[in-house]
Amino acid sequence: MELTVNSVARTVQSPPLSSLLTVLREELDITSPKAGCESGGCGACTVLVDGQPRRSCLTAVCAVDGAEVTTVEGLGTPEDLSRVQQAFIHHYAAQCGFCTDGLIVAATAYVGGGGSADTGDIGEALAGHYCRCTGYVKILEAVAAVARGDTFDTASTASSANNTYVTIAGAES
Amino acid sequence: MKVVGARLPRYDGVGHVTGRTTYVDDVRVPGMLHAAALRSVHHNARITRLDTGAAAAMAGVHAVVTHADVPLLVYGHLSGAGIPGDEPLLAKDHVRYRGQPIALVAADTVDIARAACAAIEVDYEELPALFDVRLGFDGDAPVINDTFGNWYDQYEGNLDVRQIRKGDIDAAMDAADLIVSGVYRTQSVEQVPLETQVCVAIPEPDGRLTIHTCTQAMYFSLGVVCSHLQLPMSQVKMVGGTVGGGFGGKVDTASDTLTALAAQKSGQPVKWRWTREEEMLASGNRGPWHMEIIDAVTSDGWILGRKMLTIHDAGAYGRFSVYGLTKHSFHHTGAYSIPNLHFDGYVVFTNKIPTTAMRGYGVTGLSTAIEVHAERVAKELGMDPYEFRLKNANRVNDTSPNRIAYEDPSTVEVLQSLAAATGVELGDGLRAMTREQRSGDMLPDHLVAQIGSGGGH
């Protein structure tokens, strides 16, 4: 089988019913898609197959023979980050980072498809991605900022609209 | 002050967004074997026969680890603090919860390892199981824990209850205008980190072990591994710090020791990654808490005293539960100053997954109970719940149940901020309250004696 992975042509030797996740991680050593549940429930293994987000753990590799597969490694590098990657840094949308790669892939497809900055729409597009650290607020803010066309300073962290800072009288004593 | 208040980026942000962060599952070692565990299918059963012969003989199987391979089988997570160990690393002749590991197989592939687990022959004699902590005290309850019985019995050496006594609870109950009691039970919660328990252990040519670990507590886990393996710490190198979520559940050293044993026995690097099902079935979770609170209060809203009974569900083995209950006892007045206390707490064993830390160990369920109870008391008094809380809120030099003077309690400001953030109008008297040491109207007679001589600011 042949795949184009992150713009590089690869020949796959794994058995045809191997999951795309196993092929990427174990045969091709591309480790950003994570085996969070291996049953399609958590979203951490999400990759783009011909531009569409797919759960690589539920996708038999033979079903995508000849396809173009993109993981987060193919979206940008530390020296040349994509806007979604910049947004996730600037908006503190990654904590432990284990769900981040799948979310960035899905958010890239959402924004690339003309998705709006409406957090309800973003939430619907990213439903099925579990994140146990952030509480999702900062992820929604990051994706909305990309959809709005913001620019990002990755040397700092944005303030969050959902944080309410109350000045406390006497607390400085 | 270059850092405080600055909006710094995460140091690991670039790695996280480019797929370059290396989690344990991403570690690549040539010749690595894959492990799978045989786990108990029963909640409580004797193991009458364990035969690994067929599994060990299978092609592609390199090691089958059982209890017989563990140099020190029983070691407690709190052994270093003087709490006796009660949990075998692998079950020997008894399984006490469904999912308890009995054997670990290391093989060329995870599929072979799982097939070998299925080929291990185990005969069980199933026994009645206990799931409800309240039934653990019954005389005819099945005995759950060989070391401690049905509840932990070695506080301060020989007490079977964690007690706190402060002030005079009987006088408080006698003086009360109103007594409000409530029973609160919180459920168990699984932490569900997206990264399941995972370990890579590598036997090095010089005889040492390198262990890539997902632990939240590196040096603690180093001690646990070295104790079970009876190795000096100089012989084990732990590599970690990159954790795909833990939330307390990775404080237990759940996978490192067994993976290390499999690596030792096979002489090859071994990876053991739990499935999501195993993580849900067998990894330590936040335990359930049973809490009974009786408050003695005055008609003008002071809490004179609290009597409390807590039963903590430890699951089948102690792990950190004694620590969790002790912390719970120190916090059982919550953010409020109550001078007369009578607290009894028990760590009770059941045939469930051993419970462990999760975000505020021993305190999260307690806070739920305390705050729900505060609402009930205020309602019965016909009092604004903010006023009730703010009056009783900890002030500088109020003392905790274990008699520590609070130097910097923030309850007053937190409540005021909460009201402001949620659009609740507080009256002038409540808005003007501060954390400063009690005096005047905020220092009724019953609180005079409990003020400590803490450092203050």
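Computed from a predicted structure; not experimentally measured. Proteins come first, then strands; the chains are lettered A, B, ... in the order of their sequence lines, and each starts at number 1.
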Rounded to the nearest 0.5 Å, what's the gap from [atom1] on [X] to [atom2] on [Y]? Could you check?
X: A:E79; Y: B:T18; atom1: CD; atom2: OG1; value: 9.0 Å
X: B:D12; Y: A:I89; atom1: CG; atom2: CD1; value: 9.5 Å
X: B:F247; Y: A:C133; atom1: CZ; atom2: SG; value: 4.0 Å
X: A:C45; Y: B:L194; atom1: SG; atom2: CG; value: 11.0 Å
X: A:H90; Y: B:R7; atom1: NE2; atom2: CZ; value: 9.0 Å

Less than 4.5 Å to any heavy atom of chain B: does that hold for the side chain of [X], its backbone, both, or neither?
X: A:T154; value: backbone
X: A:L75; value: neither
X: A:E38; value: side chain
X: A:Q86; value: neither
X: A:S39; value: neither
X: A:A93; value: neither

Query raised in the report: In terms of heavy-atom proximity below 4.5 Å to chain A, should B:T196 be classed as side chain, backbone, both, or neither?
Result: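 Contact with chain A: side chain only.
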Query - Toward chain A, the part of B:Q191 with a non-hydrogen atom under 4.5 Å - result: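 Backbone of B:Q191 only, per the 4.5 Å heavy-atom cut-off to chain A.
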**Report entry** Lys/Arg-Asp/Glu bridge criterion (N-O < 4.0 Å) met for A:K34, B:D25
**Finding:**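 So A:K34 does not pair with B:D25 through a salt bridge.
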What residue in [options] has the most heavy-atom pairs under 4.5 Å with chain A?
options: B:V192, B:V243, B:T22; value: B:V192
options: B:D26, B:V412, B:V14; value: B:D26
options: B:G246, B:P9, B:A6; value: B:P9

Query raised in the report: If we only count heavy atoms from C-beta on, is the B:R28 to A:D29 side-chain gap below 4.5 Å?
Result: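 Side chain of B:R28 against side chain of A:D29, heavy atoms only: contact under 4.5 Å found.
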Query raised in the report: Would you say B:E195 and A:R132 make side-chain contact, with heavy atoms under 4.5 Å?
Result: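 Answer no - side chains too far apart.
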Is there a donor-acceptor contact under 3.5 Å from the side chain of [X] to the main chain of [Y]?
X: A:T157; Y: B:L8; value: yes
X: B:H16; Y: A:T100; value: no
X: B:R10; Y: A:Y92; value: no
X: B:R276; Y: A:G36; value: yes

Query raised in the report: Hey, which of A:G41, A:S32, A:P78, A:A94 has the most heavy atom pairs under 4.5 Å with chain B?
Result: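 Of A:G41, A:S32, A:P78, A:A94, A:P78 has the most heavy-atom pairs under 4.5 Å with chain B.
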Requested in this report: Scan A:V72, A:D101, A:T77 and name whichever one has a side chain to side chain contact (heavy atoms under 4.5 Å, CB included) with B:R20.
Outcome: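 It is A:T77, the one option of A:V72, A:D101, A:T77 that forms the side chain to side chain contact (heavy atoms under 4.5 Å, CB included) with B:R20.
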Query raised in the report: Which atoms form the tightest heavy-atom contact between B:Y23 and A:F98, and what is the distance?
Result: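 Looks like OH-N, 3.3 Å.
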Query raised in the report: Would the number of heavy atoms belonging to other residues, nucleotides or ligands and lying under 6.0 Å from OH of B:Y386 be above 12?
Result: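 Yes, enclosed.
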